[in-house]
Amino acid sequence: MDKQVKAIGILTSGGDAPGMNAAVRAVTRAALNKGLKVFGIRKGYKGLIERDAVEMNLRSVSDIINRGGTALYTDRCLEFKEEEGIQKGISFCKELGIEGLVVVGGDGSFRGARDLSVRGIPCVGIPGTIDNDITCTEYTIGFDTAMNTVVEMVDRIRDTCESHDRCSVVVVMGAGAGYIALHTGIACGATAIIIPEKEYDIQKDVIDRINEVKKTGKHHYIVMVAEGIAEKKGREEKIYRFAQDLAHEIEEKTGVVTRANVLGHVQRGGAPTLRDRVVASEMGYHAVELLSQGIGNRVVVMKDGKISDLDILEALNMPKVFDDKLYEIANTISL
Ligand code: F6P
């Protein structure tokens, strides 16, 4: 027997990702269509603690499907990791009559959703991060847009790199994950791709490769590096230092003038691609189907290209499977 849910909430949490707005729109409209009240919680879990919410109507989500960022704002809320923060959130949900909550974000955000679910507020997570590093799903909202942005940027870098017979080190986002670097590395014809999932040796995997292909007549090179590699050695400023050190080493050992580029937050902004808008809409709709029946503690996932859902704990504990084949393809055809 379906539970008669009357109101749900929606929030976006963690790093923003293009397509989050499309998910907010889909959740809001699908829920209104079922006669539910919908509350938009601002700034992620922080909004639950600080009691910052707005009741949504059809027009609250007009003209956002095409916009990057998140109209509900976002936050990485440390306070929500503590029992006191969680309890504040629960009492705000109860006050608004929220009987289900949609959380759009990454792994960290799903932990908060689980904490609420086990305390009686059913939550459904929707994977939203440009990194595509959530193990339980083939796809996360924002990945396609971010990759297309990287390809556009690297094509531009390549024009100037080619004109000057240079090498460009390009560092792309991916905290602990090389999905953006691997896919865009293939798409941009990078001579070398360095990602945290694979052991690497700068001499063998970068310098020797450049020297080898140089002999075949190639005279410009892209070296794609996932941010996670540099992060292993520290945070932000280390990423820039890592890129410059690598560029110097390449120049010194290959004789090719080398420049460093850290693409940074340009990858997180911008209008979502068609894929991100459609997947976000499908996932948002699915989340409402679950919550409207009183089903919580689930994460919406893409499996074999289809939208389904998993238990949050099961989802969080799934092992990471790396696409070795894609890595092999990259290394074979980028000479
Ligand atoms: O959104 C994911 C991500 O972009 C990571 O790739 C990156 O390391 C991190 O967020 C950086 O986020 P911020 O600069 O907002 O802390």
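Read the numbers this way: they start at 1 and go in the same order the structure lists the ligands and their atoms.
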Task: Step-by-step side chain to side chain contact (heavy atoms under 4.5 Å, CB included) determination, R166 to T258 - done: CA-CA 6 Å; R166 282 178 181 162; T258 305; over 6 Å; no
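- Ligand 1 has H265 within reach: a non-hydrogen atom of the residue lies less than 4.0 Å from it.
- Below 4.0 Å from some heavy atom of D131 lie the following atoms of ligand 1, by number and element: 2 (C), 3 (C), 5 (C), 6 (O).
- The shortest N or O to N or O distance between G174 and ligand 1 is below 3.5 Å.
- Partners of R298 according to the side chain to side chain donor-acceptor pair (under 3.5 Å) rule, which considers only residues two or more places apart in sequence or in another chain, are D309.
- Residue-level proximity to ligand 1 for Q267 is absent, since no heavy atom of it falls below 4.0 angstrom.
- For D245, there are no side chain to side chain donor-acceptor pair (under 3.5 Å) partners, not counting sequence neighbours.
- Sparse packing is recorded around CD of E84, with 12 or fewer heavy atoms of other residues, nucleotides or ligands lying under 6.0 Å away.
- Near E227, meaning under 4.0 Å from one of its heavy atoms, ligand 1 places the atoms 6 (O), 7 (C), 8 (O).
- Looking at I130 next to ligand 1, no N or O pair under 3.5 Å apart turns up.
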- [ ] Take V151 and D155 through the side chain to side chain contact (heavy atoms under 4.5 Å, CB included) test and state the conclusion after the steps.
- [x] CA-CA 6 Å; V151 168; D155 283 352; 3.8 Å; yes
